[in-house]
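See below for the structure under consideration.
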Number of protein chains: 2
Amino acid sequence: MEQKLWSISELADECGVTTRTIRFYEDKGLLQPQRVGANRVYNYQDKARLILILRGKRLGFSLEDIGEFLALYHAECDPAHASQLRYLLDKVQAKVKVLRQQQEDLAQTLQELTRIETECLSHLPDSEMPT
Amino acid sequence: MEQKLWSISELADECGVTTRTIRFYEDKGLLQPQRVGANRVYNYQDKARLILILRGKRLGFSLEDIGEFLALYHAECDPAHASQLRYLLDKVQAKVKVLRQQQEDLAQTLQELTRIETECLSHLPDSEMPT
DNA sequence: GAACTGCTTAACGTTAACGTCAAATGCCTG
DNA sequence: CAGGCATTTGACGTTAACGTTAAGCAGTTC
């Protein structure tokens with residue numbers, strides 16, 4: 001069973017980014033595709049990494065944060081020395097805290113927005129009714 | 001019952017931002033405090049606005065987005081012409097969509113992070129036990 | 001009245017995250 | 001083999017969101 005592979009522009013299309021963005025992420029050390037000659041070639045793992053990066057971005061993380069975050073996935077498989085694990089654990093717990101705050105913010109904002117939405121609708125002619 | 005008022009640095013302290021930031025938001029039209037002489041004076045509504053702005057920021061919105069968002073709170077009170085309401089409704093619905101995507105991202109990420117967290121803990125000496 | 005504190009405007013600097021060229025290379029096709 | 005397309009590296013440009021510095025005014029404190 002051979003692995004599916006992507007060129008840079010194929011990957012860019014499928015993930016909704018530009019090739020420039022992908023190369024930029026590589027410059028930052030977030031991606032390390034294989035090469036065929038000079039050309040970059042991406043496998044499924046590379047694609048999964050990119051998708052993780054984009055999710056991180058949607059959540060407002062910096063690329064630097066995302067870099068550390070990606071490192072966690074690997075470090076987890078290598079429970080070699082506890083001091084490093086301790087460090088990673090601290091990082092994770094800090095991020096969990098940020099995300100929980102964000103969840104709260106999000107819930108509040110959504111509530112207010114939907115309230116405004118129904119307010120709007122109640123003032124409009126009822127062209128919004130599903131037939 | 002007199003309203004409580006804040007100087008720019010008091011407000012900055014209470015909200016955890018710099019005075020530069022507050023002035024910057026004013027430049028962008030997000031805040032319009034009263035003046036006493038040349039000095040800015042903030043009332044409770046101003047403070048509430050700032051808090052809303054900061055929440056928007058934590059959610060990764062641009063200041064421009066936040067500006068439109070703040071406008072919704074006022075427009076809602078003025079159901080004058082429906083065309084404007086329609087426009088606002090579209091904006092709100094688009095933002096609700098973004099936020100729901102974000103909620104999904106968040107839930108997934110939190111799940112993965114806490115999984116990694118327990119993995120880490122299971123490999124560490126049990127110095128984490130509550131006494 | 002000199003120093004200190006807090007405020008003002010104005011202007012320039014900075015960082016992240018790309019966009020936008022430019023010039024060169026490799027491969028395929030007619 | 002000329003033309004066209006995808007790719008490469010490299011360099012400079014851009015935008016948002018402030019930071020930082022400068023220069024000056026107002027009040028009050030020793």
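Please read all numbers here as calculations on a predicted model, not as lab measurements.
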With a 3.5 Å cut-off and heavy atoms only, can you find an N or O donor on one side and an acceptor on the other between the side chain of A:R23 and the base of D:dT8? no

Look at the side chain of A:R40 and the base of D:dT8, then say whether one donor and one acceptor between them are separated by less than 3.5 Å.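 Between D:dT8 and A:R40, which were checked side chain against base, a qualifying N/O pair under 3.5 Å is absent.
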
What's A:T19 touching, base or sugar-phosphate or nothing? Going by heavy atoms closer than 4.0 Å. nothing

What's B:K57 touching, base or sugar-phosphate or nothing? Going by heavy atoms closer than 4.0 Å.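 Counting heavy atoms under 4.0 Å across all strands, the contact made by B:K57 is with sugar-phosphate only.
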
Length of the [atom1]-[atom2] vector between [X] and [N], whole Å:
| X | N | atom1 | atom2 | value |
| --- | --- | --- | --- | --- |
| A:E64 | C:dA16 | CD | P | 7 Å |
| B:F61 | D:dT15 | CZ | P | 23 Å |
| B:N39 | C:dT5 | CG | P | 17 Å |
| B:R20 | D:dA17 | CZ | P | 13 Å |
| A:I8 | C:dG26 | CD1 | P | 18 Å |
| A:E26 | C:dA17 | CD | P | 17 Å |
| B:L11 | C:dT8 | CG | P | 11 Å |
| B:I53 | D:dA16 | CD1 | C1' | 15 Å |

Among [options], which nucleotide sits nearest the side chain of [X]?
| X | options | result |
| --- | --- | --- |
| A:R35 | D:dT9, D:dA17, C:dT8 | D:dT9 |
| A:T18 | D:dA17, D:dT8, C:dG19 | C:dG19 |
| B:L63 | C:dA17, D:dT8, D:dA17 | D:dA17 |

Is the side chain of B:Q102 donor-acceptor paired with the backbone N or O of A:L106 at a distance under 3.5 Å, no angle test?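 Between the backbone of A:L106 and the side chain of B:Q102 there is no qualifying donor-acceptor contact (under 3.5 Å).
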
Please lay out, stage by stage, how A:L11 and A:D46 fare under the test side-chain contact (heavy atoms from CB on, under 4.5 Å). CA-CA 10 Å; A:L11 187 64; A:D46 295 324; 5.6 Å; no

Are [X] and [N] close enough that a side-chain N or O sits under 4.0 Å from OP1 or OP2?
| X | N | answer |
| --- | --- | --- |
| A:S9 | D:dT7 | yes |
| B:T21 | D:dG19 | yes |
| B:Y25 | D:dA17 | no |

Decide yes or no on side-chain contact (heavy atoms from CB on, under 4.5 Å) for A:K57 and A:L63, but give the supporting numbers first. CA-CA 8 Å; A:K57 288 229 60 188; A:L63 292 184; 4.0 Å; yes

Assign the ring pair B:Y44 / B:W6 to parallel, tilted or perpendicular, where the plane angle (0 to 90°) is split at 30° and 60°. tilted

Looking at B:E10 and B:K4, does any basic side-chain N land under 4.0 Å from a carboxylate oxygen? no

